[in-house]
Amino acid sequence: MSFIDEIKKQAKTVIKTIVLPEATDVRTLEATDKIIKEGFAKIVLIGNKEEIIKLANENNFNISNANIVEPLTSDKYEEYAESLYELRKAKGMTIDKAKELMKDNVYFGMMMLKEGDSDGLVSGACHSTADTLRPALQILKTKPGTKLVSAFFLMIVPNCEYGERGAFVFADSGL
């Protein structure tokens with residue numbers, strides 16, 4: 001069994017719901033298509049439904065089993081805005097600012113994670129590290145007593161003799 005097959009097998013044992021806030025990036029839709037075909041996660045795409053479906057169809061990606069959420073029309077919009085306001089009011093957050101931030105796909109996705117409506121979020125295809133980490137740090141925060149934040153990404157290179165069967169981990173590249 002290959003290293004990648006082993007990861008896929010382990011991932012299939014517990015199906016998680018993963019939010020992808022960059023749903024109008026072709027790479028995100030391609031990943032969604034593959035994840036759905038392989039069945040190792042439930043996918044939530046955040047953004048304009050018509051635009052996402054149009055882009056997926058233009059590129060022949062099947063995203064029909066993905067859940068597409070539009071922040072402004074979501075039944076969770078007001079709830080998430082109120083939760084964000086309560087979470088950050090001591091830092092100067094207003095309800096109007098919270099509602100404005102809930103229009104941002106990454107902030108909305110982080111609130112989905114915070115409120116237990118998803119298990120994870122993947123971002124960074126078209127958002128900077130700062131624009132991905134800021135909502136995470138403001139909403140999810142760090143574990144109490146933790147002062148250091150770290151990040152990593154995994155790169156898998158098919159048919160590569162280097163790394164662990166073509167798998168590489170890059171840490172703190174964007175921090």
Side-chain angles (χ1 to χ4, degrees), residues 11 13-32 35-36 40-56 63-155 169-175:
T13 59
V14 179
I15 303 297
K16 300 288 187 181
T17 299
I18 305 300
V19 173
L20 303 177
E22 300 168 313
T24 54
D25 186 290
V26 173
R27 296 167 296 176
T28 299
L29 296 177
E30 180 180 12
T32 299
I35 292 166
I36 289 170
F40 61 85
K42 295 175 187 171
I43 298 296
V44 176
L45 298 169
I46 301 180
N48 180 282
K49 188 172 187 171
E50 284 182 24
E51 187 178 343
I52 293 167
I53 292 171
K54 180 179 183 246
L55 189 58
I63 61 164
S64 60
N65 286 334
N67 182 16
I68 301 174
V69 175
E70 295 184 54
L72 270 176
T73 61
S74 169
D75 60 351
K76 297 281 190 164
Y77 174 79
E78 293 288 335
E79 177 185 330
Y80 289 169
E82 182 65 31
S83 293
L84 179 60
Y85 165 70
E86 288 296 327
L87 189 67
R88 305 276 308 159
K89 67 183 176 184
K91 298 276 188 180
M93 179 67 66
T94 65
I95 191 65
D96 289 337
K97 179 66 175 169
K99 286 181 178 183
E100 190 62 32
L101 288 173
M102 281 306 97
K103 295 175 187 176
D104 179 283
N105 293 354
V106 179
Y107 273 91
F108 191 89
M110 289 295 175
M111 284 305 297
M112 289 183 74
L113 192 54
K114 174 76 173 171
E115 298 296 320
D117 295 326
S118 70
D119 301 301
L121 180 143
V122 177
S123 181
C126 57
H127 284 87
S128 69
T129 300
D131 289 340
T132 298
L133 285 179
R134 186 178 307 103
L137 293 172
Q138 289 176 354
I139 295 169
L140 303 175
K141 305 186 189 261
T142 58
K143 183 178 176 181
T146 302
K147 295 181 179 172
L148 181 67
V149 176
S150 184
F152 74 92
F153 64 90
L154 179 66
M155 183 178 287
V169 175
F170 295 87
D172 291 330
S173 300
L175 283 177

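Small disclaimer: the values here were computed from a predicted structure and weren't measured.
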Novice: Closest heavy-atom contact between D25 and C126?
Specialist: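 Scanning both residues, the minimum pair turns out to be OD2-CB, 3.9 Å.
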Novice: Looking at H127, is its backbone amide N or carbonyl O close enough to the side chain of E22 to form a donor-acceptor pair, meaning the two atoms are under 3.5 Å apart?
Specialist: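 At least one qualifying donor-acceptor pair exists.
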Novice: Out of curiosity, Q138 CD to L133 CG, how far, rounded to the nearest 0.5 Å?
Specialist: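 Separation between the atoms: 11.0 Å.
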Novice: For residues L29 and A56, report the shortest heavy-atom separation together with the two atoms involved.
Specialist: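 What the structure gives for the nearest pair is CD1-N, 3.7 Å.
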Novice: Identify the heavy atoms of V106 and S123 that sit nearest to each other, and give their distance.
Specialist: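 Closest approach of V106 to S123, heavy atoms only: CG2-OG, 3.9 Å.
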Novice: Looking at every heavy atom in both L113 and G120, which two are closest together, and how far apart are they?
Specialist: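 It is CD1-N, 3.4 Å.
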Novice: So do K114 and S83 actually touch side chain to side chain, heavy atoms under 4.5 Å?
Specialist: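 No, too far: nothing below the 4.5 Å cut-off.
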Novice: Are any non-hydrogen side-chain atoms of I18 and V122 less than 4.5 angstrom apart?
Specialist: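 I18 vs V122: side chains touch.
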Novice: Going from CE on M111 to CD on E79, what distance comes out if it is rounded to the nearest 0.5 angstrom?
Specialist: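 If I round to the nearest 0.5 Å, the distance is 8.0 Å.
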Novice: Take atom NZ in K54; do more than 12 heavy atoms of anything else shown fall under 6.0 Å from it?
Specialist: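 No, NZ of K54 has 12 or fewer neighbouring heavy atoms, counting only those of other groups under 6.0 Å.
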Novice: How far does CE of M102 sit from CD of E100, to the nearest 0.5 angstrom?
Specialist: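 So the gap between those two atoms works out to 10.5 Å.
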Novice: I need the minimum non-hydrogen distance between A130 and P135, along with the two atoms involved.
Specialist: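 Result for this residue pair: O-CD, 4.3 Å.
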Novice: Rounded to the nearest 0.5 Å, what separates atom CD in E78 from atom CD1 in I95?
Specialist: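 Atom-to-atom, E78:CD and I95:CD1 are 7.5 Å apart.
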Novice: Can you find a pair of side-chain heavy atoms, one from M112 and one from L121, that are under 4.5 Å apart?
Specialist: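 No. Closest side-chain heavy atoms not under 4.5 Å.
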Novice: To the nearest 0.5 Å, what is the distance between CD on E70 and CG on N105?
Specialist: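 One finds 10.0 Å between CD of E70 and CG of N105.
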Novice: Using only atom types and a distance under 3.5 Å, with no angle test, would you say the side chain of T132 pairs donor to acceptor with the backbone of S128?
Specialist: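 Judged by distance alone, yes, a pair lies under 3.5 Å.
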Novice: Closer than 3.5 angstrom, by distance alone: can the side chain of D119 be matched with the main-chain N or O of T17 as a donor-acceptor pair?
Specialist: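 Answer holds: yes.
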Novice: Could you tell me if the side chain of M93 sits less than 4.5 Å from the side chain of L84, heavy atoms only?
Specialist: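 Yes, close enough: below the 4.5 Å cut-off.
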Novice: I need the minimum non-hydrogen distance between D131 and R134, along with the two atoms involved.
Specialist: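 Looking at all heavy atoms of both residues, the closest pair is OD1-NH1, 2.9 Å.
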Novice: What is the distance from atom CD1 of I139 to atom CZ of F108, rounded to the nearest 0.5 Å?
Specialist: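 So the CD1 of I139 and the CZ of F108 are separated by 11.0 Å.
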Novice: Quick check: do L87 and K141 have side-chain heavy atoms less than 4.5 Å from each other?
Specialist: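 Yes, close enough: below the 4.5 Å cut-off.
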Novice: Can you list everything that forms a side chain to side chain contact (heavy atoms under 4.5 Å, CB included) with I68? Sequence neighbours excluded, please.
Specialist: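 Only L45, K49, I52, I53, I63 meet the side chain to side chain contact (heavy atoms under 4.5 Å, CB included) criterion with I68.
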Novice: Ignoring hydrogens and geometry, is there a side-chain-to-backbone donor-acceptor pair from Y77 to K103 under 3.5 Å?
Specialist: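 A pair under 3.5 Å: no.
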